[in-house]
Amino acid sequence: MTFPSWPDGSAHALEEELLQTWQRERLFEQTREATRGAEPFVFYEGPPTANGRPGIHHVFSRTIKDLICRFQTMQGRDVTRIAGWDTHGLPVEIEVEKRLDLRGKRDIERYGVAEFNALCRESVFKYQSEWEHLSDRIGYWLDYQHPYVTCTNEYVESVWWVLARLHQRNLLYRGHKVLPYCPRCGTVLSSHELALGYEDVTTNSIYVTFPLADDPSRQLLVWTTTPWTLLANVAVAVNPDLEYGEYQVDGTRYILATARADLPVSSAKDAGTFADLGPVRTFPGRELIGLGYRRPLDVVPLPEDQRSREVIAAEFVSAENGSGLVHIAPAFGADDHAMGREHDLALVRPVAADGTVTGTDWPAIEGQLVTDKSTNDAIIQRLKEDGRWHLTEPHRHSYPHCWRCRNPLIYYARDSWFVRTSAVKDRMLDLNQTVGWHPPEVGSGRFGEWLENNVDWALSRDRYWGTPLPVWVCQDDPDHVTVIGSYQDLAERWGRPLPEAFDPHKPFIDEYQWDCQCGGTMRRTPEVIDAWFDSGSMPFAQWHYPFEHAEEFEQHFPADFICEGVDQTRGWFYSLLAIATTAFDSPAYRNVIVNEMVLDAAGQKMSKSRGNVVDPWEVIERFGSDTVRIYLLASSQVWFPKRFDERAVLEVAGGFFDTLKNSYRFFALYAGEWTPGGEIGDPLLVDRWLDSRLNATIAHVTEAWAGYDVTAGVRAIMEFVVDDLSNWYVRINRNRFWAPDAEADPVALDTLYRALVAVSRMLAPAAPFVADWLHRALVGTSVHLARFPVPDTERDQALELAMDAARRLVSLARAGREDANLKVRQPVARLQVAVPREVPRETFRTLFPLIQREINVKVVELVASDTDLVRLQAKPNFRSLGKRFGKRTPAVAQAAARLVPEQLRALEEGGSVILEVDGEPIEYLSEDVTVERVVTSDWVVQSDGPYVAALDPELTDDLRREGMAREVVHRVQRLRKEAGYDYTTRIAIALDGAEEVLAAVAGHSEFVAGETLARRLDIGERAPAPDVEADVAIYGATITIGIGRFE
RNA sequence: GUGGUCGUAGCUCAAUGGUAGAGCAGCAGCCUGAUAAUCUGCGGACGCGGGUUCGAUUCCCGUCGGCCACCCCA
């Protein structure tokens, strides 16, 4: 057979062509068929939201997912790879709001919820085809024919089912809590969403004075970073054990913690501090407790039946910042809320659900958004007018923002629905222990610590486009609650069959109501749920479990493997675990690879605003997706941040593919009509060596990938191809593939062929295109239907050691040649080598011919002792000496210099010797001393530890003549190339010029003719009509070489 | 602010309580009938200050800088 030549076009073109072939062959389906019914390997695809474009970081995690899934498929596992789309939630709503230019919920309601949601449903698939296309283009195989889609009726029903189940288990409840709340989106956020939106901001914090009710000249100095919350102030908290002081400024006595007395006494530029002034008196905070005060901004009515405007005690108050007196507004802070309950404080909430001020008798501020700077400015202005303002101070802190709309959040008390995850916290921690995290730190650290601080999952969202919360509440008695777990259940309650075109979304679902047993009306609570709950439900909802596919679900739960970016730690990784724990008391995944972010070349986060976003399409077109995939996998562990630098892409992956391509080209060039599987002779040592290295590599890669270390496996393949296969095996065996007038050695062809086939199979999960091209070229079938290679022979450790020694010595001898200015073409008479004991002598000796060829030396000798070549010298090993000798270490180390060669050799061979140090016998053990070698002989000696190579530098006339002949061969070869001859072209050579050179050639005419394919060699003549002719200097003497075709 | 993490050759990174190692880039050279391949040679007192120790890049404390996470922080 003949092997096709590697296409000349770009990697991009090759990949595009293969994609068409794959499609034509329905290759993905074929691979699915091939392992159907085998032991399953369960993979869950984290559903992307299809309303944003995919980026390079998606290529990253998809490459890892693809690698593991392909690998497991090639191991014969039945790998489920179902695509999924996350379709609900705020991101989708916000996209639509922007498109319609709506500003908030009121606009949406005016526009019509039904119409709005219809647009949301549509917009989700805006980028779907681009996602599918990109996944396809990078070779990410996923079943896009039957994806799970979180907004379908089936999916929603499964989510309802699990919510009803949680309710049965008393894990779903309604609570009134202060929660992070986005005024723009008009909804609460969960703690994991909160984590996504912290930003450093500078706001104006203010110090405000609260005159005491019975003595207005004594004033509490109170600090706040959110002036608008003063509208709802009902108390001031002090720490009863903290020291406070009264400071007299003019007619006023300010009260603040003495630890905070470095505050200025006024806003004047040159104002001194309270500390400068000194306190009139000091006292513990408990003295203040119970005192009444005049509240600032008296614009909100306070209920009479509850306490307000008084000083209360709170342990959490510290003097770290502020004044040591904390303003309490129970509606707008979690601590405040707790204090309010504890002390029966009034709760006023002069802020509407849209974040605007309401219910005050201050017209100027009514309707203002509390997070607007102007609102705070107005409040500060009024405080100034009222004489209650003391100081404004810019305050820089990280403050939570809505992770979707970037607006600042407020803390806001309202009714919400919660999943009681804190009740299963310990269980989640236990189950998390069973998960194989890669890297482990994320699981134990970032994720584990997060679980330790678990709070109940704030599930409900006061929005429109989401899975509706299937909770119906009695209008008359809010304690009458029904949670619907299926559509059948709904129909039964409702009393009629559901309509044909039933849509469980808002607003339609809100029309379903029925009579409560108490006579009231059961209506659905208006909220939808957190979209993270949707995606966390995919293990069962993708099967419409328990309504369908119960068996499939059970076989596919939990997952063997998931993989997402580190940003999903509190996202999908958590929602999967939380739901699996509460609903099934099980982990949702057994192994997870957490990949880090892809940064730009400068290490900056990619963001649209910075304009440093890498377009995956562009990069793939330039390099090909295999190159990008290999780069992302191999440049560093996937859990380290990647600096995406285009130069680095070629550095890491380009060289490897070039080498692989050239190895194949070399093989195809010389394979000719050779057909694998035929009769071949006995393998040589080098062939067995390559087999051994190949088997070692297969074992290494298999182990790495089975253990989810994708990088180690990829690197092992790359090292094998570059170091062992190309740069050593092919190079040293060139003459077996091409020898003048001879067929290529079938044993070498077979060895190289098998190695290339195995490489293509190992590479298939990582670089599916190139691997497939290669496999088709070598074998004729797709690599993706092949099994992953299995080591087929034992490793030959002795041979690998011997070859390793040979390679080292070749390197050393070359360095020696450089040193002595002896070109490799100049033969030398002898090379003496020394190797450490563990190198098996006999095997090593059989490699001498190889060393001879590589070094161009006539004789290689293994010396028993290297004393003739080098002087031995002791280098003390402080590590082992230090352990035994402590303070005497330096003396003992120094004394080691006195060890004589016999002693050093004894040490090197594992013995021990005794030496007297400071009048005391000291025993040196083998590990105490490293023996170094210093060159002493006249020979050219290079050493690397116990490996020594020594060249006899003396050149006889014979050697010189041979060197000249080789030099002439070299020149002729260059001229052949210049003439553009084919490598089989027979030529005629004419040489004229320096006698010395001509004589040398004459003496080696057979060699020269053989190497250059010369059928005619005219010495001392000029060619009559050469194709190429040149004057060249050989050892300083000039000759003229002319070559032409031999007809 | 709190906690973590990192700070080593131009770049990317490694190792170690014992005197610093690799890859890439650069320069010089070798080799080459596959190669923009290989091979050989050339560089750094490990952010700063202090401590523990016979000895610290490695341990401890502080400090500066980068990154990450947490946070009701008034």
Side-chain angles (χ1 to χ4, degrees), chain A residues 178 180 194-195 198 205 222-226 229 236-237 314 316-318 320-329 332-338 396-400 411 441 445-446 449-450 453 566 569-570 596-597 599 603 605 635-636 640-641 643 645 647-648 650-652 654-655 658-659 661-670 722-723 726-728 730-731 734-735 737-738 740 810-819 821-825 854 856 876-883 885-893 942 970 973-974 976-977 981-985 1011-1013:
Chain A
V178 171
L194 188 67
Y198 275 90
S205 71
V222 174
W223 186 58
T224 179
T225 54
T226 47
T229 60
V236 167
F316 67 80
V317 175
S318 71
E320 269 166 36
N321 46 30
S323 61
L325 294 107
V326 174
H327 132 70
I328 299 291
F332 303 119
D335 276 340
D336 307 47
H337 196 254
R396 187 164 177 78
H397 57 143
S398 71
Y399 192 83
Y411 288 88
E441 308 89 78
R446 196 187 286 206
E449 281 165 33
W450 152 260
N453 297 317
V566 66
T569 309
R570 285 157 183 75
E596 253 290 350
M597 305 286 94
L599 309 172
K605 243 186 185 172
S635 65
S636 63
F640 287 132
R643 290 188 175 196
D645 186 342
R647 284 172 308 166
L650 286 180
E651 214 171 85
V652 172
D658 282 348
T659 305
K661 195 196 302 187
N662 280 315
S663 301
Y664 170 77
R665 275 188 181 148
F666 179 88
F667 167 78
L669 180 60
Y670 296 117
V722 174
D723 290 343
S726 173
N727 290 339
W728 193 245
V730 170
R731 197 167 63 73
R734 272 185 295 211
N735 61 343
F737 292 90
W738 184 90
V810 166
S811 276
L812 289 170
R814 290 219 178 96
R817 277 183 168 276
E818 294 273 346
D819 237 22
N821 218 354
L822 282 168
K823 289 187 172 187
V824 179
R825 271 193 295 278
E854 286 295 307
N856 193 14
N877 178 359
F878 285 85
R879 184 203 290 268
S880 65
L881 290 173
K883 266 186 206 126
F885 298 108
K887 290 195 183 197
R888 290 158 66 207
T889 304
V892 175
Q942 291 281 330
H970 173 64
Q973 303 292 30
R974 292 213 327 218
R976 281 185 62 108
K977 220 169 200 175
Y981 294 160
D982 194 63
Y983 73 90
T984 52
T985 305
E1011 289 294 311
T1012 59
L1013 282 187

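Reminder, nothing fancy here: chain letters follow the sequence lines and each chain counts from 1.
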A.B. asks: Tell me whether the OP1 or OP2 atom of A37(B) has a side-chain N or O from Thr659(A) closer than 4.0 Å.
C.D. replies: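 Result: no.
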
A.B. asks: Which part of the nucleic acid, if any, lies within reach of Arg814(A) when heavy atoms closer than 4.0 Å are counted: base, sugar-phosphate only, or nothing?
C.D. replies: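 Contact class for Arg814(A): sugar-phosphate only.
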
A.B. asks: Report the distance from atom CH2 of Trp728(A) to atom CD of Glu854(A), rounding to the nearest 0.5 Å.
C.D. replies: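 CD of Glu854(A) is found 4.5 Å from CH2 of Trp728(A).
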
A.B. asks: Expressed in whole Å, how much space separates the P atoms belonging to G29(B) and G66(B)?
C.D. replies: 44 Å

A.B. asks: Check every strand shown and say whether Val730(A) touches a base, only sugar-phosphate, or nothing at a heavy-atom separation below 4.0 Å.
C.D. replies: base

A.B. asks: Whether Ser811(A) contacts U40(B) is assessed here as follows: a side-chain N or O lying under 4.0 Å from the phosphate OP1 or OP2. Is that the case?
C.D. replies: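 Indeed, a polar side-chain atom of Ser811(A) lies that close.
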
A.B. asks: Please determine, for the side chain of Lys823(A), which listed nucleotide (A74(B), C31(B), U38(B)) has the closest atom?
C.D. replies: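 So the side chain of Lys823(A) is nearest to C31(B).
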
A.B. asks: Expressed in angstrom and rounded to an integer, what is the separation of Arg731(A) atom CZ from C39(B) atom P?
C.D. replies: 8 Å

A.B. asks: Using the ring of each side chain (for Trp, its six-membered ring), is Phe666(A) parallel, tilted or perpendicular to Phe737(A), with breaks at 30° and 60°?
C.D. replies: perpendicular

A.B. asks: For Ser323(A), answer base if it contacts any base atom (sugar-phosphate contacts may also be present), sugar-phosphate if it contacts only those atoms, and nothing otherwise; contact means non-hydrogen atoms under 4.0 Å.
C.D. replies: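 Since no nucleic acid heavy atom lies under 4.0 Å of Ser323(A), the category is nothing.
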
A.B. asks: Using the six-membered ring wherever Trp is involved, compare the ring planes of Phe667(A) and Tyr664(A) and label them parallel, tilted or perpendicular (cut-offs 30° and 60°).
C.D. replies: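 Tilted.
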
A.B. asks: Would you call Glu1011(A) and Arg976(A) a salt bridge, using N to O less than 4.0 angstrom?
C.D. replies: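 No, no charged N to carboxylate O under 4.0 Å.
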
A.B. asks: Between Ala815(A) and Asn662(A), just flag the one whose closest nucleotide in RNA chain B comes earlier from the 5' side.
C.D. replies: Asn662(A)

A.B. asks: How is Tyr670(A) classified with respect to the nucleic acid when contacts are heavy atoms under 4.0 Å: base, sugar-phosphate, or nothing?
C.D. replies: sugar-phosphate

A.B. asks: Tell me: CG of Asn821(A) to P of C30(B), nearest whole Å?
C.D. replies: 9 Å

A.B. asks: Starting at the 5' end of RNA chain B, which residue's closest nucleotide do you reach first, Thr224(A) or Leu669(A)?
C.D. replies: Leu669(A)

A.B. asks: Measure from CG on Asp658(A) to C1' on C24(B) and round the result to the nearest Å.
C.D. replies: 15 Å

A.B. asks: Quick one: look up who C54(B) pairs with, Watson-Crick or G-U, both distances under 3.5 Å, and put none if it's unpaired.
C.D. replies: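 Across all strands, the one nucleotide that pairs with C54(B) is G18(B).
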
A.B. asks: With rounding to whole Å, what would you report as the distance between C30(B) and G65(B) at their C1' atoms?
C.D. replies: 45 Å

A.B. asks: For A25(B), what is the paired nucleotide under Watson-Crick or G-U wobble rules, both distances under 3.5 Å?
C.D. replies: none

A.B. asks: In the strands shown, is G7(B) matched to any nucleotide by a Watson-Crick or G-U wobble pair with both distances under 3.5 Å, and which?
C.D. replies: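 By the stated definition (distances under 3.5 Å), C64(B) pairs with G7(B).
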
A.B. asks: In whole Å, what separates the P atom of C61(B) from that of G4(B)?
C.D. replies: 10 Å

A.B. asks: Which listed nucleotide (C31(B), A74(B), A34(B)) is nearest to the side chain of Ser726(A)?
C.D. replies: A34(B)

A.B. asks: Whole angstrom is fine here: how far is it from CZ in Phe667(A) over to C1' in A37(B)?
C.D. replies: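 The answer, rounded to whole Å, is 20 Å.
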
A.B. asks: Please report the distance separating the P of U32(B) from the corresponding atom of C13(B), rounded so that it comes out in whole Å.
C.D. replies: 38 Å

A.B. asks: What are the two closest heavy atoms between Thr224(A) and Thr226(A), and how far apart are they?
C.D. replies: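 In terms of heavy atoms, the two residues are closest at OG1-N, 3.1 Å.
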
A.B. asks: Are any of His970(A)'s side-chain N or O atoms less than 4.0 Å away from OP1 or OP2 of C31(B)?
C.D. replies: no

A.B. asks: For the base of G41(B), is there a side-chain donor-acceptor partner from Glu818(A) under 3.5 Å away?
C.D. replies: no

A.B. asks: Testing the basics here: between Gly324(A) and Val317(A), what is the closest heavy-atom pair and its distance to 0.1 Å?
C.D. replies: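 Heavy atoms of Gly324(A) and Val317(A) come nearest at O-CG1, 3.4 Å.
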
A.B. asks: Give a yes/no on whether any side-chain N or O of Tyr411(A) is located under 4.0 angstrom from OP1 or OP2 of C73(B).
C.D. replies: yes

A.B. asks: Provide the Watson-Crick or G-U wobble partner of U2(B), both distances under 3.5 Å; none if there is no partner.
C.D. replies: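 In the structure as shown, U2(B) has A69(B) as its Watson-Crick or wobble partner.
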
A.B. asks: Find the distance between CG (Leu1013(A)) and CD (Gln973(A)) and round it off to the nearest 0.5 Å.
C.D. replies: 8.0 Å

A.B. asks: Which is true for Arg825(A) with a 4.0 Å heavy-atom rule: it touches a base, it touches only sugar-phosphate, or it touches nothing?
C.D. replies: sugar-phosphate

A.B. asks: Tell me the interatomic distance from Glu854(A), atom CD, to U40(B), atom P, rounded to whole angstroms.
C.D. replies: 12 Å

A.B. asks: Is Lys977(A) touching bases, backbone alone, or none of the nucleic acid, heavy atoms closer than 4.0 Å?
C.D. replies: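 It contacts sugar-phosphate atoms only.
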
A.B. asks: Between atom CZ in Arg734(A) and atom C1' in A37(B), what is the gap in whole Å?
C.D. replies: 10 Å

A.B. asks: Contact class for Ser663(A) vs. all strands (heavy atom < 4.0 Å): base, sugar-phosphate, or nothing?
C.D. replies: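 Contact class for Ser663(A): base.
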
A.B. asks: State, to 0.1 Å, how close Trp223(A) and Ser205(A) come at their nearest heavy-atom pair, and which atoms those are.
C.D. replies: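 Closest approach of Trp223(A) to Ser205(A), heavy atoms only: NE1-OG, 2.8 Å.
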
A.B. asks: Looking at the angle O4'-C1'-N9-C4 for a purine or O4'-C1'-N1-C2 for a pyrimidine, is A28(B) syn or anti, with syn meaning within 90° of 0?
C.D. replies: anti

A.B. asks: Asn727(A) has an atom CG; how far is it from atom P of G23(B), in whole Å?
C.D. replies: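 Rounding to the nearest Å, CG of Asn727(A) and P of G23(B) are 13 Å apart.
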
A.B. asks: Return the nucleotide paired to G44(B): Watson-Crick means purine N1 to pyrimidine N3 with N6-O4 or O6-N4, wobble means G-U with N1-O2 and O6-N3, both under 3.5 Å.
C.D. replies: none

A.B. asks: At under 4.0 Å between heavy atoms, what does Val317(A) touch on the DNA or RNA strands: base, sugar-phosphate, or nothing?
C.D. replies: base

A.B. asks: Send over the distance from Arg817(A) CZ to U40(B) P, rounded to a whole Å.
C.D. replies: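 Spelled out: CZ on Arg817(A) to P on U40(B) is 14 Å.
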
